[in-house]
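Remarks on the structure that follows.
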Amino acid sequence: MQKINRNVVLALLSLTSLVFLLFQLCYYKFYLSQKNGAAFSKVRGSQSGQDSTRWHVVRKFLGLLSSHNIPVYLIDPLILGLVDKDIEQIRSSPDGPSPECKYFCAPRDFTTFALLDKTWKHEVGLFRTAEKMGFQWLKIINKDPRLDGMDDLSGMEIPLHYIFKLASHAIHLVVFYERSGNFLWHGPLRLKQHMDRKFVPFRKLHFGRYPGAYEKPELLLVSIDDLKVQIPKNPSSFLQEMSHSRFLECRYREARAFFQLYPDDASLDAVEFRKKAKSLLHLAALTLNNLGVKFWLSSGTCLGWYRQCNVIPHSKDVDLGIFIREYKADIIPAFQKAGLPLKHKFGKVEDSLELSFQGEDDVKLDIFFFYEEDDHIWNGGTQAKSGKKFKYLFPKFTLCWTEFVELKVHVPCETLQYVEANYGPEWKVPVKTWDWKSSPSNVQDNGVWPVDEWDDVIQIY
Amino acid sequence: MDEWKPNPAVKPHKKRSWYLAWKYKLMNQRALRKLCQTGAVLFLLVTVIVNIKLILDTRRAAYEEEEESAQDYDDEMLNVEVPRHPVNNKKVLDVEVYSSRSKVYVAVDGTTVLEDEAREQGRGIHVIVLNQATGHVMAKRVFDTYSPHEDEAMVLFLNMVARGRILIFTIKDEGSFHLKETAKNVLKSLGSQVASFLSWRDMWTFVGKKGGEVYGEKHAKSPALSTWGDPVLLKTEVHLTSVEDAECHWPDTELNRRRKRFCSKVEGYGSVCSCKDPTPIEFNPDPLKDNKVFDVPVAVIAGNRPNYLYRMLRSLLSAQGVNPQMITVFIDGYYEEPMDVVELFGLSGIQHTPISIKNARVSQHYKASLTATFNLFPDAKFAVVLEEDLDISVDFFSFLSQSIHLLEEDESLYCISAWNDQGYEHTAEDPSLLYRVETMPGLGWVLRKSLYKDELEPKWPTPEKLWDWDMWMRMPEQRKGRECIIPDISRSYHFGIVGLNMNGYFHEAYFKKHKFNTVPNVQLKNVESLRKDNYETEIHRLLGEAEVLDHSKNPCEDSFVPDTEGRVYVMFIRMEQEADFTTWTQLAKCLHIWDLDVRGNHKGLWRLFRKKNHFLVVGVPASPYSSKKPSSVTPIFMEPPAKEEGAVAVPAVAAAEQT
């Protein structure tokens with residue numbers, strides 16, 4: 001009895017084992033081979049050692065593009081990080097053979113390159129050649145944001161990202177477009193429903209979670225790991241830029257809806273004011289950018305951007321925000337040099353600083369300095385005749401790029417909270433009479449300046 | 001508690017007995033075999049466990065990946081799958097065709113593909129072309145064969161349709177009055193029994209395959225001149241062929257794939273879809289040396305005239321120095337066929353939801369197109385604006401390349417235009433000559449970005465204002481005294497006959513005889529003298545050398561200008577103040593040039609050619625050049641004829657045309 005039992009058990013187990021073995025084989029064939037062994041190696045946790053696959057894939061990819069005369073440049077943050085450390089050496093010996101594979105051999109799932117849209121012709125031939133070389137490729141297209149602001153135009157969708165995959169390595173090619181603020185823009189990576197979600201682990205990509213805005217980079221042709229490749233001339237500043245590159249598109253659709261409700265003011269005065277506000281903003285941006293001071297659209301100007309993607313014609317001034325830690329004493333002379341005399345200065349660097357410059361024909365440029373606290377950010381206001389101080393509270397925010405009146409400028413990424421803090425939940429309704437001391441929903445009384453400080457904290461020219 | 005205590009004691013006992021049993025078995029003869037067996041069992045168990053773990057692990061990894069990639073990277077707007085057209089496996093199409101005095105319709109498989117019951121419209125023979133493999137409508141035309149020449153257009157069209165296509169004909173109202181023998185023979189050759197004796201107010205429907213079988217024909221004779229034939233309804237079945245049979249077998253290239261896509265969708269473009277010898281769709285004209293307009297975006301403004309667009313793009317893409325990447329076609333409305341044409345040539349096209357009506361619609365379309373152009377090409381300082389009904393001269397870009405720096409440097413310039421309003425066959429002569437004029441001709445022109453962005457865009461007429469954009473641009477508030485540069489011989493040709501402000505008569509009278517440059521690489525000769533001050537010097541020099549014509553003769557007569565060549569002549573007409581164009585208009589009329597409003601003037605001076613001589617007309621005393629008039633000469637005055645009816649209305653319509 002016991003013997004028979006044991007034999008039966010043994011036979012059963014052998015059978016199960018055989019089934020499992022077969023199953024395992026099938027599984028390997030259908031699932032893992034499809035993933036080109038990428039997942040397999042990950043499970044095993046083999047992250048060490050050199051990986052020449054990557055180098056070969058990159059070399060093939062660069063060959064493919066140069067055979068089609070398509071200039072790309074390397075924007076892979078990990079490689080650029082390494083390159084940046086050796087930048088002097090790389091610059092000085094652009095052609096030297098490298099003794100070891102230092103950059104392109106670290107095993108990674110991706111290498112990221114950038115392509116300027118206008119430098120290639122969207123030839124289909126590229127993809128045919130790529131296929132012949134064994135690449136699988138994926139194209140991510142979407143609406144053209146440059147037409148988004150336009151009433152009812154529908155163009156062809158434009159390619160935003162390409163992914164070329166060969167063996168276990170993928171090349172992420174980010175397509176950059178020129179935008180009207182004289183900057184480069186790349187789109188977000190969004191998969192459409194029918195797309196292969198497992199083509200690559202999308203989440204690990206360095207670009208594409210958000211759209212991004214960049215300056216046009218100067219490029220440098222270098223030879224690293226025996227591969228000739230273009231890189232941004234200054235990798236560290238590129239990486240710096242990359243970490244703050246998130247771009248917000250204006251809400252054009254909502255703006256159109258707004259104008260349906262409240263038709264735009266097309267009077268000559270409005271046209272004139274917008275023109276002046278635009279040129280004032282351009283001048284202010286130029287001045288502050290030259291000083292390296294980061295600023296953002298604040299108050300009415302920010303509301304105009306958020307609500308109607310334009311300058312609010314009855315707002316009468318241009319408002320900017322600057323963190324007080326960015327304050328520089330040069331700001332005032334720089335504006336004066338640019339032809340914008342100081343109109344008034346309220347507060348002091350330690351408290352409630354606010355500058356106001358006189359633009360052309362009564363258009364004023366107001367600069368508010370923002371003070372960061374643990375759980376909020378605030379800026380101050382001062383009433384000239386009474387010396388009363390006010391405090392405007394905002395929830396904490398970070399800065400994003402956007403395009404506004406043909407300019408690349410910052411706005412708070414959390415724009416809605418910012419605008420709501422300032423203008424309350426009814427911000428969608430235009431208000432023509434606005435009292436900066438009482439209308440904002442985030443205003444607080446903040447005492448009175450001591451009389452002996454008045455000369456310093458209330459300066460009117 | 002007490003009961004529980006003995007329990008621990010049991011275990012060692014059991015273990016011990018196990019151990020003893022095992023020890024006993026070991027002493028057994030088959031002990032070794034059993035050991036192996038047990039080992040095998042254990043090993044198998046371990047394998048199974050490891051396997052299960054492996055599977056679970058990979059599963060989880062895969063699942064996590066899926067999760068990861070699913071978040072964030074999903075398209076926010078849940079793209080509703082576009083319902084795809086059901087694959088039509090049906091081999092037979094039911095076709096219904098109706099012909100009557102006031103209504104025609106065609107239904108294919110129950111879907112109405114043509115329905116026209118509008119009054120006073122759609123008279124004549126309606127033709128529909130179906131793809132013989134898919135049953136899709138490839139072309140829809142109506143030829144008003146009650147009127148002259150329309151039958152010729154129909155013959156032309158039918159000849160262009162590829163063999164094997166299914167043709168459907170139906171008459172609305174009247175279609176035989178000007179249906180000539182040739183056309184009737186073509187219809188007969190398609191298999192129609194009735195065509196040859198089709199007569200006044202007959203109703204007729206016909207379905208047949210080009211170069212093949214006839215699927216049905218019905219005819220109702222008109223009993224009397226004053227009445228129409230009874231309505232006829234033809235119901236028939238059409239057998240579809242396979243897709244392979246319906247397509248040509250061109251070599252598989254990128255270009256031919258575009259061609260294939262185009263040719264399986266639309267009809268009526270002739271040799272571009274010819275199987276044997278298709279006309280090229282890529283032109284590769286010679287590049288221009290030192291091309292200054294290579295990076296200038298070109299906006300082609302189009303409506304729903306795909307055949308025009310096709311002709312226009314062909315000429316544009318054949319012009320030397322063209323850069324197809326900079327071309328964007330803006331289509332006013334969601335029309336498919338113009339977009340098909342754009343894609344055939346591999347260009348980019350943008351569709352525009354129509355806003356407003358008539359002229360305002362055109363105007364809004366222009367605004368959207370210009371704004372979009374400067375958005376798409378933020379680096380551009382200029383944009384070339386073209387329309388879909390223009391032929392583009394082979395040296396169009398060469399002309400612009402040589403003159404564009406003026407627009408950049410000379411603030412007193414408003415535009416560069418390829419069109420000379422007064423440049424007719426008999427009044428234009430010199431392809432290398434340029435003028436400055438106070439009027440904006442349009443019809444192929446260059447716009448400066450700063451002008452558009454700073455001045456025009458912010459105050460562009462709003463949709464409710466039914467203004468013509470070009471008339472608006474010509475208003476003094478916009479033009480501010482600035483001028484345009486134009487060539488003597490136009491670099492564009494306006495071939496459109498159908499349009500908002502256009503008809504055949506009008507085209508014949510004002511556009512047909514316009515001169516159009518066909519010489520490549522013309523070297524412009526007086527570019528620098530086109531600058532504001534230089535131009536005055538140039539004019540004074542010209543007037544200085546000009547011979548004064550005999551003012552006693554009739555300026556309308558040919559003999560007014562001597563039979564010479566290459567001379568410069570001047571005549572003086574009366575022009576009391578700046579806006580007095582009475583005599584000029586009369587002169588323009590008798591010279592058969594543009595007389596519907598004043599064009600081509602520069603400070604009261606007009607420049608054109610007569611009998612190959614440069615011919616200057618100066619308005620005295622309004623023009624600053626009046627001082628050149630010898631005191632003995634009396635300026636010619638021509639009186640307008642007594643006002644006829646409608647004489648005022650025509651210019652208003654006509655002036656609007658130059659859009």
Side-chain angles (χ1 to χ4, degrees), chain A residues 6-7 9-10 13-14 16-17 20-21 23-24 27 31-32 35 39-40 42-43 118 121-125 128 142 144 146-147 149-156 178-182 188-194 197-205 208-209 264 266 268 271-272 274-275 406, chain B residues 34 37-38 40-41 43-45 47-48 51-52 54-55 57-58 61-62 65-81 254 257 295 324-325 328 330 334 343 346 348-355 364 367-369 371-372 374-379 453-454 458-459 462:
Chain A
R6 196 178 294 164
N7 282 340
V9 166
L10 200 68
L13 280 173
S14 308
T16 333
S17 158
F20 264 99
L21 200 69
F23 182 70
Q24 203 183 354
Y27 198 79
Y31 175 72
L32 293 181
K35 307 251 353 162
F40 196 62
K42 200 179 337 157
V43 171
K118 70 167 188 182
K121 295 182 184 168
H122 300 262
E123 288 142 340
V124 189
R128 317 200 98 204
N142 218 326
D144 190 336
R146 296 168 300 177
L147 298 176
M150 309 282 318
D151 283 346
D152 316 297
L153 283 193
S154 61
M156 297 165 174
E178 279 183 13
R179 298 277 301 250
S180 319
N182 194 31
L189 195 154
R190 298 288 178 269
L191 299 172
K192 302 221 165 145
Q193 272 190 338
H194 58 274
R197 250 138 247 276
K198 285 179 245 164
F199 189 73
V200 287
F202 288 101
R203 216 183 179 176
K204 298 197 172 150
L205 296 177
R209 168 162 297 205
D264 199 11
L268 215 58
V271 169
E272 274 303 298
R274 281 194 169 139
K275 201 173 146 184
E406 291 165 65
Chain B
K34 276 178 190 164
Q37 277 180 359
T38 323
V41 169
F43 175 73
L44 283 175
L45 271 171
T47 320
V48 167
N51 267 319
I52 289 172
L54 179 74
I55 286 161
D57 274 358
T58 42
E65 233 162 65
E66 197 173 345
E67 281 279 274
E68 279 176 9
S69 53
Q71 296 166 7
D72 289 329
Y73 289 91
D74 276 342
D75 205 338
E76 301 143 21
M77 324 219 318
L78 272 177
N79 270 3
V80 185
E81 277 288 291
E254 168 56 17
R257 239 171 287 139
D295 287 332
Q325 269 190 282
T328 316
F330 294 91
Y334 284 96
E343 281 167 14
S348 52
I350 288 173
Q351 287 168 317
H352 180 210
T353 316
I355 304 171
Q364 292 310 304
K367 183 187 181 190
S369 306
T371 305
F374 289 121
N375 276 354
L376 290 173
F377 302 97
D379 278 355
K453 279 283 167 192
D454 300 344
K459 50 178 185 178
T462 44

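Since this is a predicted model, take the numbers as computed values, not measurements. Note on naming: letters A, B, ... go to the chains in the order of the sequence lines (proteins, then strands), and numbering restarts at 1 for each one.
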Exercise: identify the closest heavy-atom pair between A:Ser180 and B:Pro378: CA-CB, 3.5 Å
task: Starting at CD of A:Glu178, measure out to CG of B:Asp379 and round the result to the nearest 0.5 Å.
output: 4.0 Å
- request: Could you check if a side-chain atom of A:Asp144 sits within less than 4.5 angstrom of a side-chain atom of B:Ile350, using non-hydrogen atoms only?
  value: no
query: Where does B:Tyr334 contact chain A at under 4.5 Å (heavy atoms): side chain, backbone, both or neither?
result: side chain
message: What's the separation between atom CG in A:Leu147 and atom CG in B:Leu376, rounded to the nearest 0.5 Å?
response: 4.5 Å
query: Tell me, side chain or backbone of B:Gln325 under 4.5 Å from chain A's heavy atoms, or both, or neither?
result: side chain
field: Atom group of A:Arg128 that falls short of 4.5 Å from chain B, counting heavy atoms
entry: side chain
field: Euclidean distance, A:Arg274 CZ relative to B:Lys459 NZ, rounded to 0.5 Å
entry: 15.0 Å
message: Heavy-atom cut-off 4.5 Å, strictly under: side chain, backbone, both or neither for A:Asp264 against chain B?
response: neither
- prompt: Hey, what do you get for CZ (B:Phe377) to CZ (A:Arg146), rounding to the nearest 0.5 Å?
  reply: 7.5 Å
